[in-house]
Amino acid sequence: MAVPGFDDVVATMGPPLWRLTSAYARGHPEREDLYQEILVAVWKALPRFRGDASLRTFVFRIGHNRGLTHRARMAARRGRETDVTEDLHDPRPATDDALHEHRRRDRLVAAIGSLSPTLAQPVMLSLEGLSYAEIADVLGITESNVGVRLNRARAALRRLLKQEEIA
Amino acid sequence: MKAGADAGWDDLASAWTADQPSAALNTHLGRRVQRHSLQMRFVTAMEVLTLVALAWFTAWILGGGAGWMRVLSLAAIWIIALFTMGFGLWNRRGSWQPATASLAGYLTLTARRARAKIRVARIVRWLAPVQATAVLLLVLDVAAGARAPVVEAVVACGLLVLAYLVWSVLYERGARAELADLDAIAVLTSELPPDDDLTM
């Protein structure tokens, strides 16, 4: 099987990997750093891509594994994990639709970032349009486990977003 | 089965996918990849150059006469060099595959790589002084027959050993930090049972 070019991988998988960083890194600079770290890992692993799984699954696995390592490392460095839900509220007034959309997206990203990795992972993959089978393949769990995690994650996400609306 | 298909979810999905990386970020990424590529080529080039230099050094020393001390010192240097190469290959067994397995596979592989790094650091701490001693014996033997920069050789070997020792300490510390990261990952992912123990 022909190994896909790195530029093609960045073009197709860059945006999903960028979104994935929101669950593992805080703040824009940290996300940028993790994004590049993941893609460097993808670049190193790409020559050994055998096509056993789809390229999307292959890249997402690297992304989540690297993301977890990053989050664990940063948690150890910070001493303790703080709850980022406090950052969900954006006090700026909504002046137009674009700003409203932007704020909505920021709230969603922050809410997903505040979930535990075991819940955030299936949510992100689901929002990227992966099927249960694909999510199970990426995370190395069964499809029924994916279903359970997604149910819990969606409930938690709904709660977080509702709290934010009230605030 | 499509995961989480409903109208509200589709709205969230469209908000989610609107988050895009900046174009400048990919330019930085290109530079970072290029830097990694250069580093990897540099390391390979240094390994080849070291072997070539060692071969040239052997030929040069033996060209000036092959006393038992010279042969013994050279043999020690070559044995250590070949042992290091063999150890390097043995040490990396099983850690070649890309880190793309399931989380459990990834943790196992990362732990294996970190432990391999610790072994490298320890062996370097042992071998660097031994190798430096062999080189010094050779220099002293050469110096017995002709003028040789003995003091400079001793200082150079001492500095080299010191550099290797410092490197090995830092390298081992980094590997131990990686192992500690794995413990933290295990804690981060322990909120739910690993698989199949969940009920809807």
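In the text below, chain A, chain B and the rest are named by the order of the sequence lines, each starting its count at 1. These numbers come from a predicted model, not from an experiment.
For a residue to count as touching a neighbouring chain, one of its non-hydrogen atoms must lie under 4.5 Å from one of that chain's; by this rule A:Ile112 touches chain B with the side chain only. Only the side chain of A:Ser22 comes within contact range of chain B, with at least one heavy atom under 4.5 Å from a heavy atom of that chain. If you measure heavy-atom distances from A:Val42 to chain B, you find no contacts under 4.5 Å at all. With a threshold of 4.5 angstrom between heavy atoms, A:Leu157 approaches chain B through side-chain atoms but not through N, CA, C or O.
In this structure, the side chain of B:Arg125 does not engage the main chain of B:Val120 through any donor-acceptor pair within 3.5 Å.
The side-chain heavy atoms of A:Leu34 and A:Ile38, taken from C-beta on, include a pair separated by under 4.5 Å.
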| So A:Asp33 and B:Arg32, salt bridge (Lys or Arg N to Asp or Glu O under 4.0 Å) or not? Walk me through it. | CA-CA 11 Å; A:Asp33 200 45; B:Arg32 193 155 159 174; 3.2 Å; yes
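For chain B, the option among A:Phe6, A:Trp18, A:Trp43, A:Phe60 with the highest count of heavy-atom pairs below 4.5 Å is A:Trp18. Counting heavy-atom pairs closer than 4.5 Å to chain A, the top-ranked of the candidates B:His28, B:Glu178, B:Met40, B:Gln20 is B:Gln20.
With 3.5 Å as the limit, one finds no donor-acceptor pair spanning the side chains of A:Glu30 and A:Tyr35.
No more than 12 heavy atoms of other residues, nucleotides or ligands lie within 6.0 Å of CH2 in B:Trp126, so this atom counts as exposed by the packing criterion.
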